[in-house]
Colleague: 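Pasting a structure here, questions to come.
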Amino acid sequence: MLTGAGVSAESGVPTFRGPGGLWRSYRPEDLASPEAFASDPVLVWRWYSWRRDLVSRCVPNAAHEAIAAWSRRTSTPVITQNVDGLHSLALGRPGDPDVDPIELHGSLFGVRCTACRDEKEDRTLELVPDGADRNPESLPRCECGGLLRPAVVWFGEALDEAKLARCHEIVAGCSVCLVVGTSSLVYPAAGLPKVAQATGATIIEVNVTETPLTPISDKSLRGPASSVIPALLDDGNTSKGQGS
Ligand code: BV8
Ligand code: ZN
């Protein structure tokens, strides 16, 4: 199973490209890239602070809950592009590699030092208020004094090789690949369903609109994840097969 921002939309987490999406007023490259952070770390931190604050008040919806139950039932981890941590919250059992979601693009609540590369989860980080002064000295710092950055994968950055290899292994071995709430635009994540299909898997897409994946999906279910997914997974339609 591969999920995108659409699975969290009904939890109140804005998607990237949809109506009211995060990137309505900025281009992704203006905010989610090393170049953006190098040229205006205050702007980038203000955006991530605003997202952290918003997401920290969101809870998993019925789609996350149904996916968590399915993941436990089939011992198949969910592959997610989301950095909001809602799949982990729904699972409620962090630390089990058989079911912990694979967060391909990292976590909003992770921080990494740009100097010593130390990385940790830090939900207590002092947020950078919207009106923050432009002085980079006011930004979150590591004990070593290095500037901290969000521990997410930005455009132009390589994904964690081990995570990507694990995802390829999962999708290459599945009989059904469920793709939920993603615009299927960003690679290499968007290439995973194609790997599944090339090895004989059935592709089922759940989305409120058509995407570039729709034409090659065996089934494209139109509707919001929080109603389509529970109906799909709770009936066991895909939990009997080796889903992914
Ligand atoms: C890399 C984290 C190389 C940060 C994000 C080919 C191969 C490899 C790379 C490329 C390639 N072509 C182009 C590239 C470069 C680039 C890319 O793909 N660009 C795109 C724009 C063309 N890829 C990269 O840069 C990647 N890195 O390739 O590195 C490399 C190798 C070696 C050394 C150096 C470099 C890194 C990409 C990761 C970027 N990080 N996020 C953050 O969150 O701040 S991307 C971000 O957008 C998400 O993580 C996600 O991956 C992506 C897509 O978002 P979605 O989740 O799909 O959300 P979106 O809003 O777009 O869509 C929501 C969907 O939900 C919609 O379809 C909507 O209809 C639907 N929906 C809405 N409501 C509901 C719903 N569905 C159901 N129910 C609802 N209620
Ligand atoms: Zn450091």
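Just so you know, these numbers come straight off a predicted model, no measurement behind them. Start at 1 and go down the list; that is how both ligands and their atoms are numbered.
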Colleague: Counting heavy atoms only, name the option from Gln81, Arg51, Glu157 that's nearest to atom 3 (C) of ligand 1.
Modeller: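 Considering heavy atoms of Gln81, Arg51, Glu157, the nearest to atom 3 (C) of ligand 1 sits in Glu157.
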Colleague: Applying a 4.0 Å heavy-atom criterion (strictly less than), which segment of Ala9 is in contact with ligand 1: side chain, backbone, both, or neither?
Modeller: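 For Ala9, only side-chain atoms sit under 4.0 Å from ligand 1.
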Colleague: Mind checking the CD1-OG1 spacing from Ile79 to Thr182? Nearest 0.5 Å is all I need.
Modeller: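 Those atoms lie 12.0 Å apart.
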Colleague: Does ligand 1 have an atom under 4.0 Å from some heavy atom of Ala189?
Modeller: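 No, that is not the case, since the closest heavy atom of the residue is not under 4.0 Å from the ligand.
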Colleague: Can you list, pair by pair, the side-chain donor-acceptor contacts under 3.5 Å of residues 219-232, counting residues two or more places apart and other chains?
Modeller:
| residue | atom | partner | partner atom | Å |
| --- | --- | --- | --- | --- |
| Ser220 | OG | Glu205 | OE1 | 2.6 |
| Ser220 | OG | Arg222 | NH1 | 3.2 |
| Ser220 | OG | Arg222 | NH2 | 3.3 |
| Arg222 | NH1 | Asn207 | O | 3.3 |
| Arg222 | NH1 | Thr209 | O | 3.3 |
| Ser226 | OG | Glu10 | OE2 | 2.4 |
| Ser227 | OG | Pro224 | O | 3.2 |

Colleague: Can you tell me if Arg52 uses its side chain to pair, donor with acceptor, with the backbone of Leu108 under 3.5 Å?
Modeller: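 Yes; judged by distance alone, with no hydrogens or angles, the pair exists.
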Colleague: My understanding is that we take every heavy atom of each candidate and find the minimum distance to atom 49 (O) of ligand 1. Doing that for Glu10, Glu161, His105, Arg222, which one comes out nearest?
Modeller: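 Minimum heavy-atom distance to atom 49 (O) of ligand 1 goes to His105.
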Colleague: Just go through Gly156, Gly181, Pro188 and tell me whose heavy atom is the nearest to atom 34 (C) of ligand 1.
Modeller: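 Nearest option to atom 34 (C) of ligand 1, by heavy atoms: Gly156.
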Colleague: Evaluate side chain to side chain contact (heavy atoms under 4.5 Å, CB included) for Val111 paired with Lys120, printing each intermediate quantity in order.
Modeller: CA-CA 6 Å; Val111 285; Lys120 63 187 176 199; 4.0 Å; yes
Colleague: Looking only at non-hydrogen atoms, find the nearest pair between Pro193 and Leu213 and report the distance.
Modeller: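 Looking at all heavy atoms of both residues, the shortest contact is CB-CD1, 3.9 Å.
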Colleague: Can you list the atoms of ligand 1 that are under 4.0 Å from a heavy atom of Gly4?
Modeller: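 Those of ligand 1 that fall under 4.0 Å from Gly4 are 56 (O).
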Colleague: Does Thr211, backbone or side chain, put an N or O under 3.5 Å from an N or O of ligand 1?
Modeller: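 No; the residue has no nitrogen or oxygen that sits under 3.5 Å from a nitrogen or oxygen of the ligand.
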Colleague: Establish whether Val195 and Ile216 are linked, either directly or via other cluster members, by ILVMFWY side-chain heavy-atom contacts under 4.5 Å.
Modeller: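 The answer is yes; both residues are in one hydrophobic cluster.
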Colleague: With respect to atom 70 (C) of ligand 1, which of Leu185, Ile229, Leu104, Asn207 exhibits the smallest heavy-atom separation?
Modeller: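 Nearest heavy atom to atom 70 (C) of ligand 1 lies in Asn207.
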Colleague: Could you grab the distance from atom CG of Leu139 to atom CZ of Arg46, nearest 0.5 Å is fine?
Modeller: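 Output value for this atom pair is 10.5 Å.
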Colleague: Check for me: within less than 2.8 Å of the Zn ion (ligand 2), which protein N/O/S atoms show up?
Modeller: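 The answer, once waters are left aside, is Cys113 SG, Cys116 SG, Cys142 SG, Cys144 SG.
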Colleague: Go through ligand 1 atom by atom and flag the ones less than 4.0 Å from a non-hydrogen atom of Thr182.
Modeller: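 Listed by number with element: 55 (P), 57 (O), 64 (C), 65 (O), 67 (O).
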Colleague: On a heavy-atom basis, I'd like to know which of Phe16, Phe155, Trp154 is closest to atom 45 (S) of ligand 1.
Modeller: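 The nearest heavy atom belongs to Phe155.
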Colleague: Would you mind running through ligand 1 and noting each atom that sits below 4.0 Å from a heavy atom of Val83?
Modeller: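 In order of number, 43 (O).
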Colleague: Can you list the ligand 1 atoms lying under 4.0 Å from a non-hydrogen atom of Thr209?
Modeller: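 Selected atoms, number and element: 69 (O).
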Colleague: I'd like to check which ligand 1 atoms, numbered from 1 as shown, lie under 4.0 Å from a non-hydrogen atom of Tyr48.
Modeller: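 The list of qualifying atoms is 4 (C), 42 (C), 44 (O).
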Colleague: Return the CG to CD distance between Leu91 and Glu65, rounded to the nearest 0.5 Å.
Modeller: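 Reported value, rounded in 0.5 Å steps: 9.0 Å.
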Colleague: Counting each atom of ligand 1 from 1 as listed, which ones have a heavy atom of Ala5 under 4.0 Å away?
Modeller: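 Per the distance check, 55 (P), 56 (O), 58 (O).
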Colleague: Given the rule in the side chain to side chain contact (heavy atoms under 4.5 Å, CB included) test, do Cys167 and Ile102 qualify, once you have shown the distances and angles that lead to the verdict?
Modeller: CA-CA 8 Å; Cys167 292; Ile102 300 174; 3.8 Å; yes
Colleague: For Ala189 and Gln81, which heavy atoms make the closest approach, and how far apart are they?
Modeller: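 It is CB-OE1, 3.6 Å.
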Colleague: If you round to the nearest 0.5 Å, how far is NE2 of His168 from CG of Leu192?
Modeller: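 If we round to the nearest 0.5 Å, Leu192:CG and His168:NE2 are 5.0 Å apart.
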Colleague: Do Val153 and ligand 1 have an N or O pair less than 3.5 Å apart?
Modeller: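 It does: an N or O of Val153 is found under 3.5 Å from an N or O of ligand 1.
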Colleague: Measure up the Phe37 and Trp45 rings against each other and bin them: parallel (under 30°), tilted (30 to 60°), perpendicular (over 60°).
Modeller: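 Because their plane-to-plane angle is over 60°, the rings of Phe37 and Trp45 count as perpendicular.
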Colleague: Do Ser8 and His64 have a side chain donor and acceptor closer than 3.5 Å?
Modeller: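 A donor-acceptor contact under 3.5 Å links the two side chains.
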Colleague: Determine, considering heavy atoms only, which of Ser227, Pro150, Ala158 sits nearest to atom 32 (C) of ligand 1.
Modeller: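 It is Ala158 that holds the nearest heavy atom.
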Colleague: Please report the shortest heavy-atom distance between Ala162 and Asp160, naming the atom on each side.
Modeller: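 Ala162 and Asp160 have their closest heavy atoms at N-OD1, 3.0 Å.
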